[in-house]
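Working notes for the structure below.
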Amino acid sequence: MSDAGATIEAGPAARRRPQLGELFQVFLIAGAISFGGGVLAYLREYLVRNHGWISDDEFLDALEVSETLPGLNSVNMSVIVGDRMRGAIGAAVAVIGLMLPGMIVMMTLGVLWEQQRHNSNINHFLVGIAASAVGLLLTVTLQLGHKQFVRPLDLSIIAVTFLAVSVFKISLLWVLLVLGPAAVLLYQPRGAVETAERFTHLRERFHSHRSHWRH
Amino acid sequence: MQKLISLAWVFALLSILAVGGGTAVLPEMQRMTVTQFHWVTEKQFRDIYSLGQVAPGPNMLMVMVIGYRVAGYLGSMVVALAFFVPDCILTLFANRMWLRYSESPWRLSIQRAMAPIAIGLMLSGTYSIARLSIHNFMSFAIAAGTLGVLMWRRINPLLLISVGGLAYLIFSNLTGAQ
C-alpha cells in the first residue's frame, strides 16, 4: 500500500477548496462514527486521499501541532484543518460538525442516567466500562509514548510529572508552569534541526490506527 | 447564576490546562468538580466518565453531563461553551503563529518538551480512573484483559469496553459485589 502522501503531489494552488457544506458533512460523519482513535484515520482518508483538500504533510503537521497545544486533540485538529481549508469559518464549521452527534448522544445518555441513578444494573455496567477504559487508556498512553519511555531524559520528565500530579497532588497549573519551561530548556535547540524524519513516527502510528479502524 | 459562573470558569480553565488532551486533565477535573465544588461525587464522576466512553465523538463531551447535574440543560450548554470555545480560539491563533515560526528550531524544542509531560499527565489521568474503578479482582481483570487484548490485536474499543461492562454486570449479579 503506497502512502497517502505520495499520491497527493499537487501544490496548494492546484487544490480545490471545499464548500462549507461539504466540510461540515465530512466532520459530521467523523463525529458520528468515531470511537477511540478512529477519528484521525477517517479524516486523513477523506481530507487527504479522497478529496485532496490538504496534503498529507499538512495533515501530519496539523496533528503534531494539535498534540502540542492544550485542549482535546481531535478538536484542535478540526480547528487547524478547517482553518487551513476555509479560514476561521471553516474551523468553526469543522468543530461543530465533529461535536454535534456526540453532544446529542451524550445528553440523551446523561438524562437517562440521571433518571436511572439507582438502578444497580446500570451502575455495575458503568463500573465495568470504567475498568475497561483503564486498559484502553493505558494502551493509548503506551502507544503514544513508546519512544519517550525508552529515553532516560523523557522517562525522568514522565516520572516527575506523574509523581507531581498523582502522588503529591500539586495543582496542574503549577505543574505546567514549572515543568513546561524547565523541559523546554532541557530540550533547547542544539545544532541542526532534523526535519527529514520528522513525520516518520506519526506515519507509523497511522498504520496501526487505520488497521484498528478497519476491524 | 453563581453556579453558572463557577461552571464557566472551571471548565474554561480545565480546557486550557489540557496539555496532552482530555485524559491529561482528568485528575484536575476530579479535584475541582468532586473535592472543591462538590458538584458530583466520586462515583458519579466515574459513571459520567463511563458514559463518555460509549458516546461517539470526543469522550470529554461527558463534561456536559456534569453541567447538566449542576444546573440542568443551561448548565450543560454553559459547560460545553466554556470547555470548547476558548480552547478553539486559542488553537486557531496559536496555530497561525506556529506556522509563521515553523522554521524556528525552538518549535522542535517545544514539541520534544511537551511530549513527555503529556505522557506523564495521561498516566496520571489513567491512574485517577483506575482508583475510581478498580476495587476487586474482577475490575482488575477487566482492565488487564482490555490492555492484553489491545496489545495483541486491534479491536473496536467500543465493543471491548461493552464486553467489560457486561462482564462486571454479570459478576456483580452472581457475587453481590458492588
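Labels below follow one simple rule: chain letters A, B, ... track the order of the sequence lines, proteins then strands, and each chain is numbered from 1.
In summary, the side chains of B:Asn173 and A:Asn121 do present a donor paired with an acceptor at a separation below 3.5 Å, with no hydrogens or angles considered.
Under the 4.5 Å side-chain criterion, counting only non-hydrogen atoms from C-beta, B:Leu90 is not in contact with A:Leu69. Contact annotation: the side chain of B:Asp87 approaches that of A:Asn76 to within less than 4.5 Å [non-hydrogen atoms, C-beta and beyond]. Annotation: side chain of A:Val75 is in contact with side chain of B:Pro58 (closest heavy-atom distance under 4.5 Å). Counting heavy atoms from C-beta on, the side chains of B:Leu99 and A:Arg84 come closer than 4.5 Å. Within the 4.5 Å cutoff, no side-chain heavy atoms of B:Leu17 are placed close to those of A:Pro70. A:Ile129 places none of its side-chain heavy atoms less than 4.5 Å from the side chain of B:Asp47. You'll find the side chain of B:Phe84 reaches within 4.5 Å of the side chain of A:Leu72, heavy atoms only. Side-chain contact between B:Arg31 and A:Ser171: present, with at least one pair of heavy atoms (C-beta onward) separated by less than 4.5 Å.
Using a 4.5 Å cut-off between heavy atoms, A:Thr141 contacts chain B through both its backbone and its side chain. Heavy atoms closer than 4.5 Å to chain B are found in both the backbone and the side chain of A:Met106. Only the side chain of A:Glu114 comes within less than 4.5 Å of a heavy atom of chain B; its backbone N, CA, C and O stay farther away. With a 4.5 angstrom heavy-atom cutoff, B:Phe83 touches chain A only via side-chain atoms. Using a 4.5 Å cut-off between heavy atoms, B:Ile129 contacts chain A through both its backbone and its side chain. With a 4.5 Å cut-off on non-hydrogen atoms, A:Val167 does not touch chain B at all. For a residue to count as touching a neighbouring chain, one of its non-hydrogen atoms must lie under 4.5 Å from one of that chain's; by this rule B:Trp106 touches chain A with backbone and side chain alike. Only the side chain of A:Leu142 has a heavy atom closer than 4.5 Å to any heavy atom of chain B. For chain A, the nearby parts of B:Ala130 are the backbone and the side chain; heavy atoms of each come within less than 4.5 Å. Using a 4.5 Å cut-off between heavy atoms, B:Thr23 touches chain A through its side chain atoms alone.
Proximity of a side-chain donor or acceptor of B:Thr126 to a complementary backbone N or O of A:Val134 within less than 3.5 Å is not detected. Looking only at distances, a side-chain donor or acceptor of B:Ser50 sits under 3.5 Å from a matching main-chain atom of A:Leu126.
Summarising the local packing, CZ of B:Phe140 is surrounded by 12 or fewer heavy atoms from other residues, nucleotides or ligands at distances under 6.0 Å. Surrounding CZ of A:Phe149 are more than 12 heavy atoms belonging to other residues, nucleotides or ligands, all under 6.0 Å away.
Of residues 35-45 of chain B, those residues with a non-hydrogen atom less than 4.5 Å from any non-hydrogen atom of chain A are, in numerical order, B:Gln44. Proximity to chain B at a heavy-atom threshold of 4.5 Å picks out A:Ala88, A:Ala91, A:Val95 from residues 88-97 of chain A, in numerical order. Of residues 68-75 of chain B, those residues lying under 4.5 Å from chain A by any heavy-atom pair are B:Tyr68, B:Arg69, B:Tyr73.
Distance check: B:Leu13 CG to A:Leu172 CG gives 8.5 Å after rounding to the nearest 0.5 Å. Here the CG atom belonging to A:Leu109 is positioned 12.0 Å from the CE atom belonging to B:Met64, to the nearest 0.5 angstrom. Interatomic distance, CG of B:Leu108 versus OH of A:Tyr187, reported as 10.0 Å (0.5 Å rounding). A distance of 11.5 Å separates CG of A:Leu173 from CD1 of B:Ile16, quoted to the nearest 0.5 Å.
If you tally non-hydrogen atom pairs under 4.5 Å between each of A:Leu179, A:Val127, A:Leu100 and chain B, the highest count goes to A:Val127. Contacts with chain A were tallied for B:Glu28, B:Met32, B:Met114; B:Glu28 has the most, counting heavy-atom pairs under 4.5 Å. Most heavy-atom pairs under 4.5 Å with chain B, from the set A:Val165, A:Val105, A:Asp83: that is A:Asp83. Of the residues considered (B:Val19, B:Leu51, B:Leu150), B:Leu51 shows the highest number of contacts with chain A, using heavy-atom pairs under 4.5 Å. Of the listed residues (B:Thr91, B:Ile89, B:Leu166), the greatest number of heavy-atom pairs within a distance under 4.5 Å of chain A belongs to B:Thr91. Between chain A and the options B:Ser139, B:Ala24, B:Ser109, B:Ala115, the largest number of non-hydrogen pairs under 4.5 Å is found for B:Ser109. Counting heavy-atom pairs closer than 4.5 Å to chain B, the top residue among A:Lys169, A:Arg151, A:Gln148 is A:Gln148. For the options B:Ala18, B:Gly165, B:Gly20, B:Ala167, heavy-atom pairs under 4.5 Å to chain A are most numerous at B:Gly165. Note on A:Ser120, A:Gly128, A:Ser132: by heavy-atom pairs under 4.5 Å with chain B, the leading option is A:Ser132.
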- prompt: Given A:Trp113 and B:Ile48, is the side-chain contact (heavy atoms from CB on, under 4.5 Å) satisfied, shown in steps?
  reply: CA-CA 9 Å; A:Trp113 169 76; B:Ile48 292 172; 3.7 Å; yes
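Here the closest non-hydrogen pair linking B:Ser172 and A:His124 is OG-ND1, 2.9 Å. Considering all non-hydrogen atoms of both residues, B:Thr146 and A:Leu136 come closest at CG2-N, 3.8 Å. Closest heavy-atom contact between B:Ser133 and A:Ala130: CB-CB, 3.6 Å.
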Mind listing the side-chain donor-acceptor pairs of residues 116-125 of chain B below 3.5 Å, one per line with the distance, residues two or more places apart or on another chain?
residue  : atom : partner  : partner atom : Å
B:Ser124 : OG   : A:Ser166 : OG           : 3.0
B:Ser124 : OG   : B:Gly120 : O            : 3.4

